[in-house]
Amino acid sequence: MTDATPALLAYLSRWLDEPQGDRDAEAVLWGRVAKVSEEAGEAISALIGATGQNPRLRPFSGDTHSYDDVVDELLDVAITAMTGAEHMTGAGAPT
């Protein structure tokens, strides 16, 4: 991480929280943490598609994703987890 990383994560976390308005803080927290699982599922789906492991699709379309897609999804998981952690520990942390 660079010296700018914490500030960037704080900015992104605030940007994600902005549209939440007056929504219950616990509901926002649950949404932020659950989003990590959703992104992880997308990474797994991309890996299945990149390796042709879905037998229902193999005869028709072959591989549906690339390894670049897998990397993109893994990066989504990472940034979602890091902004979720910042949400919990940063200036806007739940009390």
Side-chain angles (χ1 to χ4, degrees):
M1 285 199 311
T2 68
D3 291 340
T5 302
L8 177 59
L9 289 175
Y11 169 81
L12 289 172
S13 186
R14 284 191 307 274
W15 178 73
L16 290 168
D17 285 341
E18 238 173 51
Q20 300 298 325
D22 293 332
R23 192 164 169 234
D24 179 74
E26 188 173 318
V28 173
L29 176 61
W30 274 91
R32 295 289 292 273
V33 174
K35 184 71 175 165
V36 177
S37 291
E38 178 199 4
E39 295 296 345
E42 291 176 10
I44 292 167
S45 179
L47 180 60
I48 289 169
T51 57
Q53 297 302 308
N54 188 337
R56 292 180 297 116
L57 297 177
R58 195 175 313 122
F60 305 108
S61 63
D63 298 341
T64 58
H65 293 80
S66 68
Y67 285 117
D68 286 342
D69 295 326
V70 178
V71 170
D72 288 347
E73 294 300 342
L74 288 172
L75 293 172
D76 283 349
V77 172
I79 195 71
T80 302
M82 291 188 329
T83 57
E86 199 289 327
H87 174 84
M88 295 187 68
T89 62
T95 54

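Every heavy atom of this structure was used, including side-chain atoms; hydrogens, water molecules and symmetry mates were not.
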*Asks:* For a side-chain contact (heavy atoms from CB on, under 4.5 Å) with Thr80, tell me which candidate from Val33, Val36, Leu12 qualifies.
*Replies:*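 Of all the options given, the one that passes is Val36.
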*Asks:* How long is the straight-line distance from CG of Leu47 back to CG of Leu74, given to the nearest 0.5 Å?
*Replies:*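 CG of Leu47 is found 8.5 Å from CG of Leu74.
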*Asks:* Starting at CG of Leu8, measure out to OG1 of Thr83 and round the result to the nearest 0.5 Å.
*Replies:*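 Answer rounded to 0.5 Å: 10.0 Å.
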*Asks:* Compare every heavy atom of Ala50 with every heavy atom of Val70, then report the nearest pair and how far apart it is.
*Replies:*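 Minimum heavy-atom separation between Val70 and Ala50: CG2-CB, 4.1 Å.
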*Asks:* For the pair Gln53 (side chain) and Thr51 (backbone), establish whether a donor and an acceptor sit closer than 3.5 Å, ignoring hydrogens and angles.
*Replies:*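 Yes; at least one donor-acceptor contact below 3.5 Å.
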*Asks:* Who pairs with Ser66 by side-chain hydrogen bond (donor to acceptor under 3.5 Å, both in side chains), at least two apart in sequence or on another chain?
*Replies:*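 Ser66: side-chain hydrogen bond (donor to acceptor under 3.5 Å, both in side chains) contacts with Asp69.
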*Asks:* Would you please test His87 and Val28 for side-chain contact (heavy atoms from CB on, under 4.5 Å) and show each step?
*Replies:* CA-CA 10 Å; His87 174 84; Val28 173; 3.8 Å; yes
*Asks:* Taking only residues two or more places apart in sequence or in another chain, which ones pass side-chain hydrogen bond (donor to acceptor under 3.5 Å, both in side chains) with Arg14?
*Replies:*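 Result, side-chain hydrogen bond (donor to acceptor under 3.5 Å, both in side chains) vs Arg14: none returned.
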*Asks:* Any donor-acceptor pair under 3.5 Å linking the side chain of Ser13 with the backbone of Leu9?
*Replies:*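 Such a contact is absent between Ser13 side chain and Leu9 backbone.
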*Asks:* Taking only residues at least two apart or on different chains, which pairs with a member in residues 29-51 satisfy salt bridge (charged side-chain N to carboxylate O under 4.0 Å, His left out)?
*Replies:*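 Listed once each, the pairs are Asp17-Arg32, Lys35-Glu38, Lys35-Glu39.
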*Asks:* Taking atom OH of Tyr11 and atom CG of Leu16, what is their separation to the nearest 0.5 Å?
*Replies:*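 That separation rounds to 10.0 Å.
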*Asks:* Could you tell me which non-hydrogen atom of Glu73 sits nearest to which non-hydrogen atom of Ala46, and how far apart they are?
*Replies:*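 Where Glu73 meets Ala46 most closely, the heavy atoms are CG-CB, 4.1 Å.
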